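Keep in mind the model is a prediction, meaning the values are calculated, not measured.
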Amino acid sequence: MRRFRFWMGVLASLAAVFLSGCSATGPTYASMSGVMPALPENGCRVVFYRADSGLGIAVQPEIRLNSMVVGRSVSGGFFYVDTPPGRHLATSQTEVEARLEFDIAAGQTVYVASRVGMGLLVGRVHLSLSEEPQALADLPTLRYTGVPNPAAHQASAPPAAASTPPPRADAPAR
């Protein structure tokens, strides 16, 4: 019996160490909200967040906005992306792909909540638009998981075709 308790204690300690690295650890939304940069002229902001929950804490799939990876769905975390106005597609995938299409106007902020539900093999991510009052109630204690300089991390429309083709690999240098 003593040996069983010992190994159960070891397993519980290892689980605690493993899971402690799975939650967001940056500054809280409340501490950042006053220092986040203003929206760029004619720009929009999408705030992605995931409330802290014990379910699926180790599941942290990428989140894409218009096919570009912009962050991860981390339990207890949030990040934001500045983007041009228009129609956007947010996606995330574990067993199945979660898709959320939305329109955003210049000067608007949209809040996208992610959560992890039960899946067959791993948790399934769900994305949904959150009304501003609900998002602002959920966000204060969540921690920033985005890039160190969020102003440098902006989503954009797909690049236009280049007017000049790139040089060929076998072309002589000038």
Q: Are M68 and V46 connected in the hydrophobic side-chain network, where two residues link if heavy atoms are under 4.5 Å apart?
A: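 Same cluster: M68 reaches V46 through Ile, Leu, Val, Met, Phe, Trp or Tyr contacts under 4.5 Å.
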Q: Locate the shortest heavy-atom distance separating P85 from A106; write the atom from each residue and the value.
A: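 Looking at all heavy atoms of both residues, the shortest contact is CB-N, 3.6 Å.
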Q: Applying salt bridge (charged side-chain N to carboxylate O under 4.0 Å, His left out), can you list everything that pairs with E101, at least two apart in sequence or on another chain?
A: R87
Q: Would you call the rings of Y29 and F78 parallel, tilted or perpendicular, where under 30° means parallel and over 60° means perpendicular?
A: perpendicular
Q: So which heavy atom on P84 is nearest to which on C44, and how close?
A: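 Closest approach of P84 to C44, heavy atoms only: C-SG, 3.9 Å.
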Q: Which pairs count as salt bridge (charged side-chain N to carboxylate O under 4.0 Å, His left out) when at least one residue sits in residues 63-77, sequence neighbours excluded?
A: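 Residue pairs passing salt bridge (charged side-chain N to carboxylate O under 4.0 Å, His left out), neighbours aside: E62-R64.
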Q: Find out if a path of hydrophobic residues (ILVMFWY) with successive side-chain heavy-atom gaps under 4.5 Å connects V96 to I63.
A: no
Q: Rounded to the nearest 0.5 Å, how far does NE2 of H126 lie from OG1 of T94?
A: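 Rounded to the nearest 0.5 Å, the OG1-NE2 separation comes to 8.0 Å.
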Q: Are V116 and L129 linked, directly or through intermediate hydrophobic residues, by side-chain heavy-atom contacts shorter than 4.5 Å (ILVMFWY only)?
A: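 Yes, L129 connects to V116 through the hydrophobic network.
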Q: To the nearest 0.5 angstrom, please state how far the OH atom of Y80 sits from the CG atom of L139.
A: 12.5 Å
Q: Should L89 and F79 be regarded as members of a common hydrophobic cluster, given that ILVMFWY residues are connected when their side-chain heavy atoms come within less than 4.5 Å of each other, either directly or indirectly?
A: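 Each belongs to a different hydrophobic cluster.
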Q: Is it the case that Y49 and S130 place a side-chain donor and acceptor less than 3.5 Å from each other?
A: yes
Q: Which heavy atom in A98 sits nearest to a heavy atom in L127, and how many Å separate them?
A: O-CD1, 3.9 Å
Q: Using the rule that Ile, Leu, Val, Met, Phe, Trp and Tyr join whenever any side-chain heavy atoms are under 4.5 Å apart, tell me whether L136 and L142 fall into a single cluster.
A: yes
Q: On a heavy-atom basis, which atom in P40 and which in D82 lie closest, and how many Å separate them?
A: CD-OD2, 3.8 Å
Q: How close do R45 and I104 get, heavy atom to heavy atom, and via which atoms?
A: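 In terms of heavy atoms, the two residues are closest at O-CD1, 3.5 Å.
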Q: So, using ring pair (Phe, Tyr, Trp, His ring centres under 6.0 Å) as the criterion, who are the partners of Y111 when residues are at least two apart?
A: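 Counting only residues at least two positions away or on another chain, Y111 forms no ring pair (Phe, Tyr, Trp, His ring centres under 6.0 Å).
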Q: What closest approach, in Å, do T28 and T141 show between heavy atoms, and which atom pair accounts for it?
A: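 Looking at all heavy atoms of both residues, the shortest contact is CG2-O, 4.1 Å.
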